[in-house]
Amino acid sequence: MTTILFPSSINAFVLDPAERAIYVGTSASIIHQFNLFQSIGGKYEAIGGDPSHPIQAVESAHHDFCGHSTEITAINLSFDGTLLVSGDNSGEIFVWDVGSRQVLRKIKGQNGTCSPGKINSRSYFECPNLREAGRSAFVIW
Amino acid sequence: MITLFNFQVASGNLLFAREAHYQPLTQMSFTSDEALLFTGGEDAVIHSWRVMDLVDFNLRSEEIMPVQSWNEHTLAITGIICGSGTAMTARVYTASLDQTVKVQFKQ
């Protein structure tokens, strides 16, 4: 078993469809991308395998999605792994381009905690699921 | 004790209910061949259950035991994801409030 240690506690995470990386949403409002491989001498090798040493995920501008102002509550990827959608405690939903780590769209909350459900892998744009004061709302975008 | 319920969708019948965790159960995930179900919650324990056991009418709920249990995390489990592959080959990723993601795989 491999352990990966992050700088703050993890509220939600999602796995790349090809298992190349995990995207971890933390209580520090940052989403970390952690690659599950490393490149050694031009060859790719899977990381991990040593149960006695946790791997420290280093905070680095190259792998962090910064932009949320409150802690991340939910996160998901599109079916091809190019779009990341994340929601935070203030009800805001961000849509990110994974390659450039840029915010493509912000969907302004409704008050209340937001928890995106699955992005349906068949229909690229199907919904996050907003929870506001006890009501559930589907947002198709 | 927190109970795991198993309903049949078409009829709404309750197939199975069993006490499973000591604190609220927040995460569940099937392997892609749906042979195993992983459950995890605020008690930081992850159980894996054989789905065939969960739908077997001949087994009493108390007889069904998790295939495997993991006590590795120290705080509530916030995510369980099963990677691609069958129950025998898939890697299982588990995240927790204890700031770690642990990757389990069968050797």
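All chains are named by letter (A, B, ...) in the order of the sequence lines, taking the proteins before the strands, and each is independently numbered beginning at 1.
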Partner residues of B:N58 under the side chain to side chain donor-acceptor pair (under 3.5 Å) criterion, sequence neighbours left out: none

Using a side-chain heavy atom cutoff under 4.5 Å and only I, L, V, M, F, W and Y, what cluster partners does B:V45 have? none

ILVMFWY cluster, B:I64 and B:M28 together (side-chain gap under 4.5 Å): yes

Cluster check A:I22, A:F37: I/L/V/M/F/W/Y, side chain < 4.5 angstrom: no

For chain B and chain A, give me every donor-acceptor pair shorter than 3.5 Å, distances to one decimal.
{"unit_1": "B:T78", "atom_1": "OG1", "unit_2": "A:I10", "atom_2": "O", "d": "2.7"}
{"unit_1": "B:S84", "atom_1": "N", "unit_2": "A:E19", "atom_2": "OE2", "d": "2.6"}
{"unit_1": "B:S84", "atom_1": "OG", "unit_2": "A:E19", "atom_2": "OE2", "d": "3.0"}
{"unit_1": "B:Y93", "atom_1": "OH", "unit_2": "A:E19", "atom_2": "OE1", "d": "2.7"}
{"unit_1": "B:Q99", "atom_1": "O", "unit_2": "A:F6", "atom_2": "N", "d": "2.8"}
{"unit_1": "B:Q99", "atom_1": "NE2", "unit_2": "A:F6", "atom_2": "O", "d": "2.9"}
{"unit_1": "B:Q99", "atom_1": "NE2", "unit_2": "A:P7", "atom_2": "O", "d": "3.3"}
{"unit_1": "B:V101", "atom_1": "N", "unit_2": "A:I4", "atom_2": "O", "d": "2.9"}
{"unit_1": "B:V101", "atom_1": "O", "unit_2": "A:I4", "atom_2": "N", "d": "2.8"}
{"unit_1": "B:K102", "atom_1": "NZ", "unit_2": "A:T3", "atom_2": "OG1", "d": "3.1"}
{"unit_1": "B:V103", "atom_1": "N", "unit_2": "A:T2", "atom_2": "O", "d": "2.8"}
{"unit_1": "B:V103", "atom_1": "O", "unit_2": "A:T2", "atom_2": "N", "d": "3.0"}

Single-linkage hydrophobic cluster B:L59~B:W49, side-chain heavy atoms < 4.5 angstrom: yes

When clusters are formed from ILVMFWY side-chain contacts under 4.5 Å, directly or step by step, what else is grouped with B:L75? B:L97

Side chains of B:V101 and A:F34, heavy atoms from C-beta outward: is any pair under 4.5 Å? no

